[in-house]
Number of protein chains: 2
Amino acid sequence: MSVTLKEVAALAGVSRSAVSRTFTEGASVSPKTRSKVEKAAAELGYSPNALASSLTTGRTKLIGLISNNFHNPIFLEVFDQFTRALQERGLRPLIVNLTDETEPTNSVRMLRQYSVDAAIVASSTLPPSFAKAFHDAGVPVVHTFGRSATSPEVHVVGIDNVECGRMAARELSSRGYRRIGYLGGPQDATSAMDRYRGFMEEVEKRPELEVTHCFAGAYSFEAGREEMLQQLAEGPAEGYFCGDDILSIGALSALSDHGLKPGKDIGIIGLNDMEMSRWESVDLTTIHQPIKQIITASVDLVEEMLKDPERYPEARIFPCRVIERGTLRPRP
Amino acid sequence: MSVTLKEVAALAGVSRSAVSRTFTEGASVSPKTRSKVEKAAAELGYSPNALASSLTTGRTKLIGLISNNFHNPIFLEVFDQFTRALQERGLRPLIVNLTDETEPTNSVRMLRQYSVDAAIVASSTLPPSFAKAFHDAGVPVVHTFGRSATSPEVHVVGIDNVECGRMAARELSSRGYRRIGYLGGPQDATSAMDRYRGFMEEVEKRPELEVTHCFAGAYSFEAGREEMLQQLAEGPAEGYFCGDDILSIGALSALSDHGLKPGKDIGIIGLNDMEMSRWESVDLTTIHQPIKQIITASVDLVEEMLKDPERYPEARIFPCRVIERGTLRPRP
DNA sequence: CACAGCCTTGCAACCGATTGCAAACTAGAC
DNA sequence: GTCTAGTTTGCAATCGGTTGCAAGGCTGTG
C-alpha cells in the first residue's frame, strides 16, 4: 500500500529516527543523511502519515468547521473564506453540517473522536451554550458570528447585533420613515433576537415612530417573501429592517409581485452586504458585515489557541456600516 | 487529556482487548464484560480515538471533498447535499478548496497524508486527468460533474453535457429563434467545451440557424453580465444558451439594464435549475440537472469503492430536461 | 465424571510515526 | 596525538488503538 518510514529508512540505510527527523522542522540531522533520506523518499514517493504522527505529537491540524447555514448564499462566501484561510495556515477543515440539529453532543463526540485541534462554530443562530459544549469537552473553540457579550465564555468573533438593530432603526428614521417594521429571522436565533432588541430600543427613544414586527421562519428567500406578502395583505409599514440580505431579497420579490418599487413605495434595509446585494437588479441598501475580517480574526484566534489552549476567552467585535444603494428613499 | 482505552480497562478490571472489542461491531465479548466496560466508559466519558484505530484498521472514514467552485450559488446546494449524504453514512468530509489551482499534486499529497479512504472531485471544469491523479496515487476517487465518457478512467457521475448542448439548441430552434448564441463558461472548462460541441452539432443540422458564440471568463454573475453587455453592444442574437444558471442571471441583469424583457425581446435558457432560478424575479427557463441524484449516486459509488477498491470504473450519467419558465418565448 | 467443542479472554505484536537518552562521532584547541 | 565540547545517530519506549493466537472457561453429551 502506502510507503512508510521504515521502508525509506531501509533504502537510505539509516535508522527510522533519522528519517523522521529529516521531515520534522528543526531536528538535528547532518546534511549528508538528510540528502540520503531525501533521495530515498523521493524514489519511493514517501510522504509522512499525518495521523500516525498526531498520535505522539498530539496535533492533527484538523479543525472542525460546524455550521447549520447551508442555505443562505452568504455562506458560500463564508465557506470559501474559511477553507482558504485555514489551508493557508496548513490547517484542514473537517466539516459538520448540522442541518436541523441544535444539540451539540453528537458533533462534540465526533470531533473528539477525530482529535481535532480546535473547532469553529460558524452560525449566527446557535446559542453560546452550543459553543460552550466544545470548550467543556476540552476542544478549543471559537464561535464565529456568535452572540457578542461583554464576558463571553468562549472566544466570539462577529458583530454587535444589538447595535446593528439600532443602526437600522436610526437609518429608517433619518430617511423620514414613520411607520416602520422589523422583519427578522427565526425567533430563536440569537442574532434575530439581538437585532430586534436594538431596533426596538432605538424606536422607543423616538415617540414619532410607529412599529410593527414579525419574525420569519428562517433566514431564507422564501421566508422573507412569505412574511412580506403577509405584511402587504395586512397593510404594510413604510419601511422595513430585514434581519438579513436573503430575507430582504425575498421581501423585494414580494414587493415586485404587487408592483411596488422598493425605495419609492416601500423602504427596505438588509444586513450582511453579500455579493448578490450588489447586483444591479437587487441594489439593496444594507448594513455591511465585514465577513473577511471576521473570518481572518477567527482563524487567527484558532492559531493562538493552538499555542495556548488556556487562553482567556475574548470577544472580537467588528463595526458595521450602512451601505447606501437603492432600496431606501433618499435622506430628506 | 483525553480518556484512553487503558484507563477504561483499568476501571472495568478487564484487559485492553476487552474494551476494544466492546466497541467494535461483531467482536466476541460476553454480556457481562460488555456491561462492565460500558459502565466504566460512561463514567469516564470515553469514546475511542478514530485516528489511532485507523492505524491498524487502515480505514479513517475521512473522505476528501475537492472543489474549485466556491463562487457559484449552486455549490451551496452541492455542499449541503454532499456533507449530509456523507455524514448519514458515517463518513467525514475533509474539504479542499482549490481556488485557482488546477494541478492535483498538492491535494493528492495532502489527502494521502491524512489517509482519506476516498476522494470526491466535485467540479465541472477540471479535466479527467485531475481525478486520474488521485486514482494513480492509490486514492479511490469519483469525479462528480465530471466529463462523461464511454470509457472513463475513473468513476464519473454527472450529466451528458454534449446532449445538454444539443437540447438547448433544439429548444431555441423549436421556439422559432433563428439567430442564436452560445454564451458559455470558461473556455478550458470541460463542461463548457462539451456543451458548446453539442450546441454546434445541432446547429449544423439546421441550415436555417445562424449562430454566434462567446465564452465567459468564469461561471459567475459578473462574467455573464459582461458578456451579455458586450453582445448587446455588438448587436445581439435573438436567443441564447447560457452555460449555467448563474451566467444566465448575469445576462438577465444586462438585459434589464437595456430595458429588454427576457422571453419577449431576447430569449435565455440556462443550465442547472438552481433554487434561485425559481425565484419569481428570475423565473429562468433552464435545463434541470438532477443534483440530488448525482450526489447520492456519487456517495453510493464511494461506499462501493470502500468495499472493493479495485472496482471497475464506471460512468453514471443522469438525464436532464428543460424546465419551462419565463425567459424563452412560447412555442409557436 | 471425563471429554469435546464453542465462547470468551488476555498476551503480545503491530500499525506509522516521535522523542528522550546515551553512545558514537566530529571538529577544534592545545 | 589527546582532550573537550558540540553534533549526529540509533535504540527503545511510547502514542491509542486492533487482532491472531493460545489458554482458560463454560456447556452439553455420553
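Below, read A as the first sequence line, B as the second, and so on, with proteins coming before strands; counting in each chain starts at 1. Keep in mind that the numbers below use all heavy atoms, side chains included, and drop hydrogens, waters and symmetry copies. In this text the structure is predicted, and so the values were computed from the model without any measurement.
- Residue B:Tyr46 is classed as a sugar-phosphate contact, given heavy-atom separations below 4.0 Å to backbone atoms only.
- Under 4.0 angstrom from either OP1 or OP2 of C:dT9 there lies at least one side-chain N or O belonging to B:Ser30.
- Heavy atoms of A:Val29 sit under 4.0 angstrom from primed sugar atoms or phosphate atoms, though from no base atom.
- Rounding to whole angstrom units, CG of residue B:Leu5 and P of C:dC14 are separated by 19 Å.
- Rounded to an integer number of Å, the gap from A:Leu51 CG to D:dC15 P is 18 Å.
- The closest donor-acceptor contact from the side chain of A:Arg59 to the backbone of A:Leu306 lies under 3.5 Å.
- In terms of position on DNA chain D, the residue among A:Arg16 and A:Ser28 whose nearest nucleotide sits closer to the 5' end is A:Ser28.
- Here C:dA17 presents its C1' atom at 14 Å from CG of B:Asn49, a figure rounded to the nearest Å.
- At a threshold of 4.0 angstrom between heavy atoms, the contacts of B:Ser54 with the nucleic acid are absent.
- A donor-acceptor contact shorter than 3.5 Å is absent between the side chain of A:His143 and the backbone of A:Ser148.
- If you measure from atom NZ of B:Lys6 to atom C1' of D:dT18, you get 16 Å, rounded to the nearest angstrom.
- Ring-plane geometry between A:Phe79 and A:Phe75 is classed as perpendicular, the angle between the planes exceeding 60 degrees on a 0 to 90 degree scale with a lower cut at 30.
- Counting any heavy atom pair closer than 4.0 Å across all strands shown, A:Thr4 reaches sugar-phosphate atoms only and no base atom.
- With the nearest nucleotide of DNA chain C identified for both A:Ala52 and B:Thr33, B:Thr33 has the one nearer the 5' end.
- Contact check, B:Thr56 against D:dT18: no side-chain N or O comes under 4.0 Å of OP1 or OP2.
- Straight-line distance from the CZ atom of B:Arg59 to the C1' atom of C:dG16: 17 Å, rounded to whole Å.
- Tested against B:Arg92, the residues B:Leu62, B:Thr83, B:Leu86 include a single side chain to side chain contact (heavy atoms under 4.5 Å, CB included) partner, B:Leu62.
- The CG-P distance, from A:Leu55 to D:dT14, rounds to 14 Å in whole Å.
- Between the side chain of A:Ser17 and the base of D:dC11, at least one donor-acceptor pair of N or O atoms lies under 3.5 Å.
- Here the P atom of nucleotide D:dT8 and the CZ atom of A:Arg21 are 11 Å apart, to the nearest Å.
- Put simply, OG1 on A:Thr190 and CG on A:Asn161 are 7.0 Å apart, with the number rounded to the nearest 0.5 Å.
- If you measure from atom CZ of B:Arg34 to atom P of C:dC7, you get 16 Å, rounded to the nearest angstrom.
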